[in-house]
Student: 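Quick one: structure below, then a few questions.
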Protein chains: 2
Amino acid sequence: MSDASTESAASSRIAQALRDDILNGSIAPGQRLRQEDIAERLGGSRLPVREALRILAAEGLVQIEPNKGARVPLLDPGEVETLYRMRERLEPLALSESMAKLSSADLAEISEIQRRIEQGVDVTEFLILDREFHMATYTGCSDEHLMLSVVRLWNSTQHYRRAFMSLTGSGRAQIVNAEHRLLMEALERRDAEDAELYLLGHIRRTRKELVRHPEIFSTGS
Amino acid sequence: MSDASTESAASSRIAQALRDDILNGSIAPGQRLRQEDIAERLGGSRLPVREALRILAAEGLVQIEPNKGARVPLLDPGEVETLYRMRERLEPLALSESMAKLSSADLAEISEIQRRIEQGVDVTEFLILDREFHMATYTGCSDEHLMLSVVRLWNSTQHYRRAFMSLTGSGRAQIVNAEHRLLMEALERRDAEDAELYLLGHIRRTRKELVRHPEIFSTGS
DNA sequence: TAGGTTGTTATTGGATCCAATTTATGCCAC
DNA sequence: GTGGCATAAATTGGATCCAATAACAACCTA
């Protein structure tokens, strides 16, 4: 997901494993992460686990309380709404920084991902492909600070996006596909203004749908 | 600076000390941070130092390379420009989220900070007060994700802001004061639209001034 | 029986020690 | 004299052990 090159072997490996578990839903928000359990399950001692937890805390994927341990944060609707508002501001910027450097090969790959989205409608698969689609549109953005922030925002809201998709099914697939198509077309025209606008609308509409379904935020435990 | 409550005693204490050293310029960009030196200087073993370095890495204040240690990142003009573009997008959002909850006491404090800025023109003092001014305008923003991002952006660019101020002196003080006054007046009118606009202009003008002075980014060593 | 208190257990935080990797230094060959 | 290579010193990464703090449970008292 994020830059694995900046971390050492064991810490990075454990962080990646935990990140995958959190993002694919194996570890749910609110769940506590005991250091010894993780060390035993993933191999290694508690020390790299502690460092891995700090890495994840940096990404907002876990919350560390002194002497109380780490847990996956439970977000309330207001927090998720703000995270989406941040996406609305930052991702159009990433897109505009990216667009100029997108090669035709990049555009072809984006198109291919969208083609696959329009075929398979599995919820799990959609979450992966939708993320790949948007990240592919940002490949030209070379600024790592900006991209780290964007990835953080996606990671922090991943669980609620999945909860929303599981709840509503793929009924909105047509709308999403239309928005993606418009975005792609603007990218091919190299029209940054339009691309930013379509992306903003896409994220904003999703935010409004999310806040209309507060049942997503029930703990469920 | 950021939330000290989420970290344990020693790690948090060391991280705070290092953060202060980096932000006030005692530790310059490019400088390497040897774990044992820090442990000896600030007390404690290398372990809490390692955790502190991870905390700072999360905030973008240091860069960790596996088996090579931590150093304060050296930013190029393009990176700083993007960080400022991110500020232009995020801080107006923080301001609009904050404004509704700003009490008249908050507004009085903001006014008091600005009054002090207009008196003392010391560079070091200005950097502190200017930061206090803007953070005071965000006190009503309760979303910690957004505020963490904003603080990160300020921290990452602090060194270059100081370099710029040291270079140009306080010649631009009148412009900054005018912008601050306009912003304050919009806040008092509870006009979110105007406040966002003035803030955007304030940050954007600063960005343009920064990129016009590439000599700020010379290593100097 | 309910509430508070105390003692026990479980979990995290910190220190020291050892291994692995990198970087610096000096030597040799060309 | 310069470039490459080997060796040695320095520095970081990881594991185990011990201490401190918090969660938990049982007990006692009102």
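Naming: A, B, ... by sequence-line order, numbering from 1 per chain.
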Student: Report the distance from atom CZ of A:Arg32 to atom P of D:dC24, rounded to the nearest whole Å.
Tutor: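 Atom-to-atom, A:Arg32 to D:dC24, this comes out as 8 Å.
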Student: Over how many whole Å does the gap from B:Glu36 atom CD to D:dT12 atom C1' extend?
Tutor: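 About 10 Å, once rounded to whole Å.
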Student: In whole angstroms, how far is the C1' atom of C:dT23 from the CD atom of B:Glu65?
Tutor: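 In whole Å, C:dT23 C1' lies 14 Å from B:Glu65 CD.
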Student: Please evaluate residues B:Ile64 and B:Arg54 with respect to the criterion side chain to side chain contact (heavy atoms under 4.5 Å, CB included), reporting the C-alpha separation (whole Å), side-chain torsions for both, the decisive distance (0.1 Å), and the verdict.
Tutor: CA-CA 8 Å; B:Ile64 298 179; B:Arg54 292 234 177 254; 4.1 Å; yes
Student: Could you tell me whether A:Arg46 and A:Asp37 have a side-chain N and a carboxylate O separated by less than 4.0 Å?
Tutor: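 Result for this pair is no, no salt bridge flagged.
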Student: If you assign each of B:Ala70 and A:Gly43 to its closest nucleotide in DNA chain D, which residue comes earlier from the 5' end?
Tutor: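 This one resolves to B:Ala70.
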Student: From the list C:dT12, D:dT11, C:dG14, which nucleotide is the closest neighbour of the side chain of A:Arg50?
Tutor: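 The closest nucleotide is C:dG14.
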Student: Report the distance from atom CZ of B:Arg71 to atom C1' of C:dT23, rounded to the nearest whole Å.
Tutor: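 Interatomic distance, CZ of B:Arg71 to C1' of C:dT23: 12 Å.
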Student: Under 4.0 Å, heavy atoms only, any strand: does A:Ile14 hit a base, just the sugar-phosphate, or nothing?
Tutor: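 Nothing, no nucleic acid heavy atom in range.
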Student: How many whole angstroms separate atom CZ of A:Arg34 from atom P of C:dT12?
Tutor: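 In whole Å, C:dT12 P and A:Arg34 CZ are 7 Å from each other.
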Student: Honestly, is B:Arg87 close enough over B:Tyr84, meaning NZ or CZ under 6.0 Å from the six-membered ring centre and within 45° of the axis?
Tutor: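 The answer is yes; both the distance and angle limits are met.
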Student: With a 4.0 Å cut-off on heavy atoms, is B:Leu53 in touch with a base, just the backbone sugar-phosphate, or nothing at all?
Tutor: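 Result for B:Leu53 = nothing.
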Student: Quick one: on DNA chain C, does A:Gly69 or B:Pro48 contact a more 5' nucleotide (nearest heavy atom)?
Tutor: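 Residue closer to the 5' terminus by nearest nucleotide: A:Gly69.
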Student: Kindly write out the residues that satisfy side chain to side chain donor-acceptor pair (under 3.5 Å) with B:Glu196, not counting sequence neighbours, or none if the list is empty.
Tutor: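 Checked B:Glu196 against side chain to side chain donor-acceptor pair (under 3.5 Å); matches are A:Arg89.
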Student: In whole angstrom, give the distance that lies between atom CD of B:Glu51 and atom P of C:dG13.
Tutor: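 My rounded result for the distance is 7 Å.
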Student: Between the base of D:dG13 and the side chain of B:Arg46, is there a donor-acceptor distance below 3.5 Å?
Tutor: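 For B:Arg46, whose side chain was compared with the base of D:dG13, there is a donor-acceptor pair (under 3.5 Å).
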Student: Rounded to whole Å, please give me the gap between CD in B:Gln35 and C1' in C:dT21.
Tutor: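 Computing the B:Gln35:CD to C:dT21:C1' distance gives 13 Å.
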Student: Ignoring backbone atoms, establish whether A:Ser11 has a side-chain N or O less than 4.0 Å from OP1 or OP2 of D:dG14.
Tutor: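 A:Ser11 to D:dG14 OP1/OP2: side-chain N or O found under 4.0 Å.
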Student: In whole angstrom, what separates A:Leu47's CG from C:dA19's P?
Tutor: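 Taking CG of A:Leu47 and P of C:dA19, I get 16 Å after rounding.
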Student: So B:His134 and B:His180, would you call those rings parallel, tilted or perpendicular, with 30° and 60° as cut-offs?
Tutor: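 B:His134 vs B:His180 ring planes: perpendicular.
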Student: Verify the contact: side-chain N or O of A:Lys68 to OP1 or OP2 of C:dT12, cut-off strictly under 4.0 Å; return yes or no.
Tutor: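 Result: no.
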